[in-house]
Amino acid sequence: MTAPLGRVVATERKPNTPHEFHFWTSLDCPVGIGTIVRVDGSQSVDGRIPHVYGIVVEGFSYTDLLTPMHDVLGHDGSPANAGLSVTERTEIRLYTAAVLRQIPEEPLQPVPMGEVFLAAEEDVATALRMDGYLKEGANTGIPIGVYRAGATDSVIYLDADFLLGPEAAHLNISGMSGLATKTSAVEWLIASVFAHFPESKGSIAAVCFNVKGPDLCYLDQPAVRLEDSDRALYEKMGVKPGPFENVTYFAPYAAKGFSLNTLRSNEALLDNVTPLTWGLREVLTYAEVLLNKDDIDAKADALIDFISERVVDRKMDREGPLSRDHTVQSFGDLEAWFRDLLQGMERANMESWRTHHIATIRKVRNRLSNISTRCAGLVTDSGDVSDLPFGSFEDRSVYVVDVASLEEDAQDLIFARIVSKLREHLERRDLGVKHLIVFVDELNKYAPGDGHDTYVRKMLLDIAERGRYLGLVLFSAQQFRSQVHRRVVGNSGTALYGRMDGDELATPGYSVLSPATRTKLATLEKGQLMVRHPHFTQPIFVRFPRPAVLSGREGAERYPQAAEATIETALYRSLRSLDPAISLAWVKDLTSLYDEDELLRLRNAALLQKPPSVRAFFEKRLRSVIPAEDASSIARSAPPALRPLPVGDPYDV
Amino acid sequence: MGHRSGVTGERETGKETRRWPASAHEASRFLSGHLPAGVPVDALPTDTERYGYDEPPRLSEPKLIEGETFQSIHVADQNRVVRETGFGGFLDGTQDLQPVSQIAGISVLWATVSAAVRVRVNRRLVTWGERAPIVSGRYYLPFRYVSDLPGELRDDPRVVDTAKADRNGKFPSRHPAALVEAAIVRIRQDRERIEQELAEAWCRSEQSVLFVDGSITGSRDVASSTRAIGVVKSHRQLYVDDKAFPVLVDLKLRDRSSIFQVDSGTRSPVASWYLRLRNASGRDALFGLVRVEASLSDDISSRADEISRWILAEGAPLALPDGRWDKMAYGIRDTEEFLRAIT
């Protein structure tokens, strides 16, 4: 049996309660804030010796001095003299621990006097109620990190039923930027989930929105350096220390449409980068995201509904003000339809058409036409759609949607539509996987606690409150948890905290933590987290390994972003990924003969259809154009003979 | 005493079926069961602190064994901090008394006496492992003035008769103050006895020197051992005559007096000297003044210098917040605090 490291103490002024107790230790004891301890009671209750598990939340140290002045006097005001005394003043280490669990759980009594032991591995499992979900038959533990204290090195597991549903769900991560907390933690945790999510619970995938910098752009690339200590952590927690094996990137085109608008634009990494482009149909459903309340009054809303249901993808015959038949399938078609309609109304001096006033039609035209400009690169005039593989999501796959370089409107649109589609498919159980993690960083931007209600915030609230029933799980992160909508963070069953800013810790949301715990949070090292989980009655500090994937900063150095491409290089790069036989000379020939829009439209179509021969694909669809000849060669050849003039030609003078 | 681990009690009778009290409160209840005529009380007379002093303040002519005249001797540099010490342990005892009952105006006292040795390990003080601290709880009452005292109490060695005849065959009077004073004297004797027990054990088994709080003359073994030094803080009896008195009160910081022999009839002879631990400028004459007792030996002068430096070294850290901090070594304060914690 191990030796006790402390003894429970209680006084009338500082009594123990059922949820808190105090103990003292020797000065060299390996106890600190966050250490888990076990108290063995000395008196049996109902024939059982009580065992109480607690976590240290506060520490005190003091001597038998009544006032610091006595120490000053004792050393004649010279600190150097203090080290010369033959005896050290009596000193105490007194700790306060919050109760994690009492066994037996009933009757719930104040913590008894007893000896205090450092919690061993099995004690940690019991204290955190992990024994319930690590036992044979349940086995739903997902390693989140390793708890260390003294000789104890214990893996801390989250319960998959409470992390990914259906009992509770969602995860929220808070931490200062630049300290390898949020992104690193989520990369590690998704790897752990993929490694440990029970087969019996079905398939799982992750959709990650890369909202800033190159953070998530290299998930399929191995880390530059992984230290032995990290590898040991991976081994202890049963996770393979390698990059994600199945990652697909999605990014819209840049405004010009030549190349994808992503930091992962290095040619060596383009093989799993897919364009993200939507047409009119895809966007119109989510017009609300891009149009504010001033834009959409009841009349405009009615017109948009009319357009969605009665215009888009339907043949509109020439009638009334319309001068010709229309089939609206793209923003270009829609603009032509609006132009024709308004010109017709003006000609006929009509004030309304099908109950829609001309002013409303003008307003909606203005707003909708504007979308393709505001979301250039994402929204295509042509109507070509390149989307996430809804319906064929693969198990243990990561789908990264890179929106880091986009305007806010486009980010909102992408987020709203993708999440809605995911939700629809999960409701129908035809997404391809049974559970889906959606990771969103900068949550205080997308679901702020104050400000007006936005479509994106409503969606996030909906996921947070109802997603778990569908298998849609939100992993979210932000620097300032206090600035995120309470219902979003409140519905996150699990919360992780990295190093926190002092101002943030001073907000009311952290008042449940002891001052010492808050101080520890403010000084956490890289790779350390505080974990709150429904099974843990108190927050636990763990250490997690460095992600085994290339970090954003290192990735950006190793795979520099490609220079802004010309139309030739953009076409060459993207088409060559489909067909290695494509040559730059052939592409240059195309660009000299055809206009950019036509070539880009065909390029996008080719990327979607992935034809066996790109050259044949293009040649079949391009109209024949006789290449211009070199002027010099023309000069060398003899001019063709002129046909003789007809007799009596009046112009023959 | 209770059943505290690591603490030794005194011999128990073995006949007692009921647990011997460990506190005054328990002692009161225990006595109620055995002395139904007693009326529980819980406070001593307000002037009790004046009781128990069997010696009035006085001056005694010193019997010098160093030099011809009583003089001051400088033992350490004024400007250098003394840090060498030969003390390995500190011995102190405490006593605590509480009236628990009154029978026809006669107080029954419950007293706890305790003693412990604290040793220094890596500059920190811990309890001596060779002999556990001693804690003893006893009743003190005058048998002759308590009628119908049950035999089980009368015969129990933990019930002390405070009204025995003195060497002249004289019994204490029935005056309540006289009886309380007699009880306090017995309690102090009991405390000294257990202190001596520990000191003797130290001298038998340890190589380093024991710092004893108080006189060492009560035990022949201790008084003659070089492994125990007594440091007396109270000065009801000053070993100076009219000529030596000015020298004593003028002792400067880190000065000691000439060595003299303390040799009372009932106690063992020792060498003794005064030592000024603190600068008494602006203070009373006895501020920071202790009297040191050591075994008699041929090299007592050099030993006195060395022992004085050790005692000076024990002046840090200060024994504050104890009111006697000017004379008390921190090790003794620590031992007192320890005893307060376990009794």
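In the text below, chain A, chain B and the rest are named by the order of the sequence lines, each starting its count at 1.
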Which bit of Asp71(A) comes within less than 4.5 Å of chain B, counting heavy atoms only: side chain, backbone, both or neither?
neither
Tell me, yes or no, whether the heavy-atom count around [X] atom [atom1], taken from other residues, nucleotides or ligands under 6.0 Å, exceeds 12.
X	atom1	value
Lys135(A)	NZ	no
Glu105(A)	CD	yes
Glu235(A)	CD	no
Asp284(B)	CG	yes
Asp46(A)	CG	no

side-chain contact (heavy atoms from CB on, under 4.5 Å) between Met69(A) and Leu320(B), intermediate numbers included:
CA-CA 10 Å; Met69(A) 182 57 77; Leu320(B) 283 166; over 6 Å; no
Restricting to side-chain hydrogen bond (donor to acceptor under 3.5 Å, both in side chains), what partner residues turn up for Thr25(A), sequence neighbours left out?
none
Residues in side-chain hydrogen bond (donor to acceptor under 3.5 Å, both in side chains) with Trp202(B), at least two apart?
none
Are Arg124(B) and Thr87(A) close enough that a side-chain donor and a side-chain acceptor fall under 3.5 Å?
no
Contacts of Trp325(B) meeting ring-ring contact (aromatic ring centres under 6.0 Å, His included) (sequence neighbours excluded), chain-then-number -> Phe287(B)
Please tell me if the side chains of Arg120(B) and Val86(A) come closer than 4.5 Å, counting only heavy atoms from C-beta onward.
yes
What residues of residues 326-334 of chain B sit under 4.5 Å from chain A when only non-hydrogen atoms are counted?
Tyr330(B), Arg333(B), Asp334(B)
Interatomic spacing from CG in Asn122(B) to CG in Asp28(A) - rounded to 0.5 Å:
10.0 Å
